[in-house]
K.L.:
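Following this message is one structure expressed as structure tokens.
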Amino acid sequence: MLEPGKKKAPRANNALSKPVQPSADLAAIVGSAPIARSAVVSKVWEHIKKNNLQNPANKREILADDKLKKVFGGKDKVSMFEMNKHLSNHLK
């Protein structure tokens with residue numbers, strides 16, 4: 001047990017902070033250098049917000065532009081929950 005007022009030390013290298021290599025299609029959005037998974041998701045969201053790609057009627061739905069269609073397996077739209085599955089397919 002932890003002493004009162006003591007915080008647990010952060011883990012040195014969890015799966016979200018481990019650098020991964022994006023595919024060529026994903027690199028068009030996040031860059032081609034190895035990057036942490038958490039940063040990939042952040043950069044994809046930056047792209048979505050910058051290009052106004054959230055469905056105004058359903059904010060949980062992402063409307064794919066040409067770059068995202070390649071990442072989303074050709075789909076025109078995906079849910080924000082489904083998006084992570086598609087991103088995983090483009091990370092090594």
K.L.:
According to a 4.5 Å side-chain heavy-atom criterion applied to Ile, Leu, Val, Met, Phe, Trp and Tyr, with indirect links allowed, do Leu63 and Phe81 form part of one hydrophobic cluster?
P.N.:
no
K.L.:
side-chain contact (heavy atoms from CB on, under 4.5 Å) between Glu61 and Val78: does it pass, once the steps are laid out?
P.N.:
CA-CA 6 Å; Glu61 198 171 65; Val78 298; over 6 Å; no
K.L.:
If you measure from CD on Gln54 to CD1 on Ile62, what distance do you get to the nearest 0.5 Å?
P.N.:
5.0 Å
K.L.:
Output the distance between atom CG (Asn89) and atom CG (Asn84), rounded to the nearest 0.5 Å.
P.N.:
11.0 Å
K.L.:
Out of curiosity, Asp66 CG to Asp25 CG, how far, rounded to the nearest 0.5 Å?
P.N.:
11.5 Å
K.L.:
Where is the tightest heavy-atom contact between Pro22 and Val20, given as atom of each residue plus distance?
P.N.:
CD-O, 3.4 Å
K.L.:
Show which side-chain atoms of residues 41-50 pair as donor or acceptor with protein atoms under 3.5 Å away, not counting sequence neighbours.
P.N.:
{"residue": "Ser42", "atom": "OG", "partner": "Ser38", "partner atom": "O", "Å": "3.2"}
{"residue": "His47", "atom": "ND1", "partner": "Asn51", "partner atom": "ND2", "Å": "3.2"}
{"residue": "His47", "atom": "NE2", "partner": "Asp65", "partner atom": "OD2", "Å": "2.7"}

K.L.:
If you round to the nearest 0.5 Å, how far is CG of Leu53 from NZ of Lys67?
P.N.:
11.0 Å
K.L.:
Could you measure the distance from the CE atom of Met83 to the NE2 atom of His86? Nearest 0.5 Å is fine.
P.N.:
10.0 Å
K.L.:
Which residue pairs pass the salt bridge (Lys or Arg N to Asp or Glu O under 4.0 Å) test when at least one of the two sits in residues 79-92, sequence neighbours left out?
P.N.:
Lys75-Glu82
K.L.:
Ignoring hydrogens, what is the shortest heavy-atom contact between Ala27 and Ser32? Give both atom names and the distance.
P.N.:
CB-CA, 3.8 Å
K.L.:
Identify the two heavy atoms, one from Ala36 and one from Ser17, that lie closest to each other, and give their separation to 0.1 Å.
P.N.:
CB-O, 3.7 Å
